[in-house]
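Step one of this worksheet: look at the structure below.
These numbers come from the heavy atoms of this one structure, side chains and all, not from hydrogens, waters or symmetry mates. If you read the sequence from its start, that first residue is 1, and numbering goes on from there. Computed from a prediction, not measured in an experiment: that's the story for all the values here.
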Amino acid sequence: MTLAHPDTGWDHYADAWEVLAPNGNSLGVRELAHPHENEQPFTRSLSGVQIPPDVQELRIRARCNVDGWGEEIFTLKLETESSGN
């Protein structure tokens, strides 16, 4: 996940991002332990996310330590395996 946020230091920074199923269930949260005011945008991974087999898209949202969860949600459409010969 690559995230851009106007981090200003410990007083205001992006402190997490979350992967959601289409029904709103959380599939995983990546906590961010420190500000990234000198590294924008920045990329961090999240392992161990279990995606149900019927899910065709994921929603991703970010959180900051001042404003909470952002209203903007990124939708990621998943590629499906095609059955071929």
Item checked: Side chains of E18 and S26, donor plus acceptor under 3.5 Å -> yes
Notebook entry, point to check: Any donor and acceptor pair, going by atom type alone, linking the side chain of R30 with main-chain N or O of S45 inside 3.5 Å?
Noted result: yes
Checklist line | Residue pair L32 / A16: nearest heavy atoms and the distance that separates them | finding: CD1-N, 3.7 Å
Item checked: Side-chain heavy-atom pair L76, E57 within 4.5 angstrom cut-off -> no
Check: Is the shortest side-chain N to carboxylate O distance from E31 to R63 below 4.0 Å?
Finding: yes
Checklist line | Non-hydrogen side-chain atoms of P22 and V55 separated by less than 4.5 Å | finding: yes
Item checked: Student check: side-chain heavy atoms of N65 and W10 closer than 4.5 Å -> no
Next item on the list: State whether the number of non-hydrogen atoms from other residues, nucleotides or ligands found under 6.0 Å of E72 atom CD is greater than 12.
Entry: no
Next item on the list: Return the orientation label for the H36 and H34 ring planes: parallel under 30°, perpendicular over 60°, tilted otherwise.
Entry: tilted
Item checked: Atom pair CD/NZ of Q56 and K77 - distance to nearest 0.5 Å -> 9.0 Å
Notebook entry, point to check: Does N23 reach the main-chain N or O of N25 with its side chain, forming a donor-acceptor pair under 3.5 Å?
Noted result: yes
Next item on the list: Check the pair Y13 / V66 against side-chain contact (heavy atoms from CB on, under 4.5 Å), numbers first and verdict last.
Entry: CA-CA 8 Å; Y13 70 99; V66 172; over 6 Å; no
Checklist line | L58 side chain near F74 side chain, heavy-atom distance below 4.5 Å | finding: no
Note to self: So, taking the atom named CE in M1 and the one named CG in L46, what distance separates them when rounded to the nearest 0.5 Å?
What the structure shows: 10.5 Å
Note to self: Measuring only between side-chain heavy atoms, which start at C-beta, is L3 closer than 4.5 Å to F42?
What the structure shows: yes
Notebook entry, point to check: Between W17 and V29, is a side-chain contact (heavy atoms from CB on, under 4.5 Å) present by the stated rule, with each step listed?
Noted result: CA-CA 6 Å; W17 57 269; V29 176; over 6 Å; no
Notebook entry, point to check: Is there side-chain contact between D7 and Q40, with heavy atoms separated by less than 4.5 Å?
Noted result: yes
Check: Are more than 12 heavy atoms from other residues, nucleotides or ligands located less than 6.0 Å from atom CG of D54?
Finding: yes
Checklist line | Shortest non-hydrogen separation from P52 to Q50 and the atoms involved | finding: CD-O, 3.5 Å
Notebook entry, point to check: If two hydrophobic side chains count as joined below 4.5 Å and joins carry through other members, does W69 share a cluster with I60?
Noted result: no
Notebook entry, point to check: Are the side chain of R59 and the backbone N or O of I73 linked by a donor-acceptor pair below 3.5 Å?
Noted result: no
Note to self: Hydrophobic clustering (ILVMFWY, side-chain heavy atoms < 4.5 Å, transitive) - are L20 and L78 grouped together?
What the structure shows: no
Margin query: Between H12 and H5, is the ring pair (Phe, Tyr, Trp, His ring centres under 6.0 Å) condition met? List the steps.
Written below: CA-CA 10 Å; H12 190 188; H5 181 270; 5.1 Å; yes
